[in-house]
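Down below is the structure, laid out as structure tokens.
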Amino acid sequence: MEINLISDTVTKPTPKMLAAMLAAPVGDDVFKADPSVNALEAKVADMFDKEAALYFPSGTMANQTAIKLHTNPGDQLICDRYAHVYNYEGGGVSFNSGVSCKLVTGHRGMMTAEQVVEAINPPDFYHSPLTSLVCIENTTNKGGGACWDFEDLKHIKTVCDQHGLAYHLDGARLWNALVAKNETPIQYGALFDTISVCLSKGLGCPVGSVLVGSQADMDKALRIRKVLGGGMRQAGFLAAAGIYALDNQLERLSEDHKKAKEIGAVLETLSYIKKVEPIETNIIIFEIDENELSSENFIAKLKQNNVHIIGMGQGKLRIVTHLDYTDTMHQSFLNMLKTI
Ligand SMILES: *Cc1c(COP(=O)(O)O)cnc(C)c1O
């Protein structure tokens, strides 16, 4: 039995999801004529109470499109130094939009409204890049699946309004935050100009992300997606997986969260584990006491037992629970952890 805990993106479609995909009515989505893509977009827009939505092949492309539509070349966006848009999108912010990032040192990937205010360049000081966008991430990936306090997000929204800044949410794992904090998509839709959500992580789809926003912003986004090469034809087969996942695999995220907390509790008892970061959702970040055992050795030992996890650099390791991590695997992994 292989137990893959490197990411929640390793899941494969369930037989029921595959059946839904095979049964999907499709058309050419580049002509906006794919009924399944149109249905998915309408469904997600409706969930967030936004005017429109657009289906994307990846979360990266959805974020990059949002950044492009909110900025002009030379502008600057504000984000936490842990942000995915800054660290893990291949430098796309500068490549695609000619924009720089003003990095804020927050707590577990989350910054305060005061820090955002400090990071804004005065708009009349033409020597500095013009600040035009604030990017938030919820849950935070590098921050260990941490969830924002909604009040903090509201405070930052007030700052954005006061300074005329656009407000984008990288919600690749927003579903996990909604389930963990008992929040609704509508709350988020009311706060942000644009939100990207992944269907290919906790929700278990093979592919896909959705960007939501105003009709005017999504009209711009459609053009940018085309430029980035993201126009797909009979994409309804994939979009149908998204519809199925939203209807059937959303609430179960709480099981991933429960398993993650149980793994964390066992890690806490191991002498060679120096620190386990607080676990709010499905990501566990922890540090090994390198004097007792090296991270490489720990990863190798797990691998001998058919368990796969990855390092994040700087002595930090990560475990991510997901749909394909079954109860049987969980029991076996917990027992194994206690013995190695
Ligand atoms: C996974 C992820 C994305 C998008 O990644 P893709 O692999 O391009 O779908 C964006 N933001 C965060 C925080 C993520 O974890």
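Note that these values count all heavy atoms, side chains included, but never hydrogens, waters or copies made by symmetry. Indexing begins at 1, ligand by ligand and atom by atom, following the structure's order.
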Taking the basic N atoms (NZ, or NE/NH1/NH2) and the acidic carboxylate oxygens, is any pair closer than 4.0 Å for Asp29 and Arg225?
yes
Step by step, would you call Lys201 with Asn282 a side chain to side chain donor-acceptor pair (under 3.5 Å)?
CA-CA 11 Å; Lys201 293 190 169 155; Asn282 67 328; over 6 Å; no
Please name all residues satisfying side-chain contact (heavy atoms from CB on, under 4.5 Å) with Lys303, sequence neighbours left out, ordered by chain then number.
His308
Could you list each N/O atom of ligand 1 together with any protein N/O atom closer than 3.5 Å, one pair per line with the distance?
unit_1	atom_1	unit_2	atom_2	d
ligand 1	8 (O)	Gly59	N	3.4
ligand 1	8 (O)	Thr60	N	2.8
ligand 1	8 (O)	Thr60	OG1	2.6
ligand 1	9 (O)	Gly59	N	2.9
ligand 1	11 (N)	His84	ND1	3.4
ligand 1	11 (N)	Asp170	OD1	3.0
ligand 1	11 (N)	Asp170	OD2	2.6
ligand 1	15 (O)	Asn141	ND2	3.0
ligand 1	15 (O)	Arg173	NH1	3.0
ligand 1	15 (O)	Lys201	NZ	2.8

For Asp219 and Gln215, test the side chains for any donor-to-acceptor distance below 3.5 angstrom and give the result as yes or no.
yes
Do you see a donor-acceptor pair shorter than 3.5 Å between the side chains of Asp34 and Tyr55?
no
Lys259 side chain to Tyr325 main-chain N or O, any donor-acceptor pair under 3.5 Å?
yes
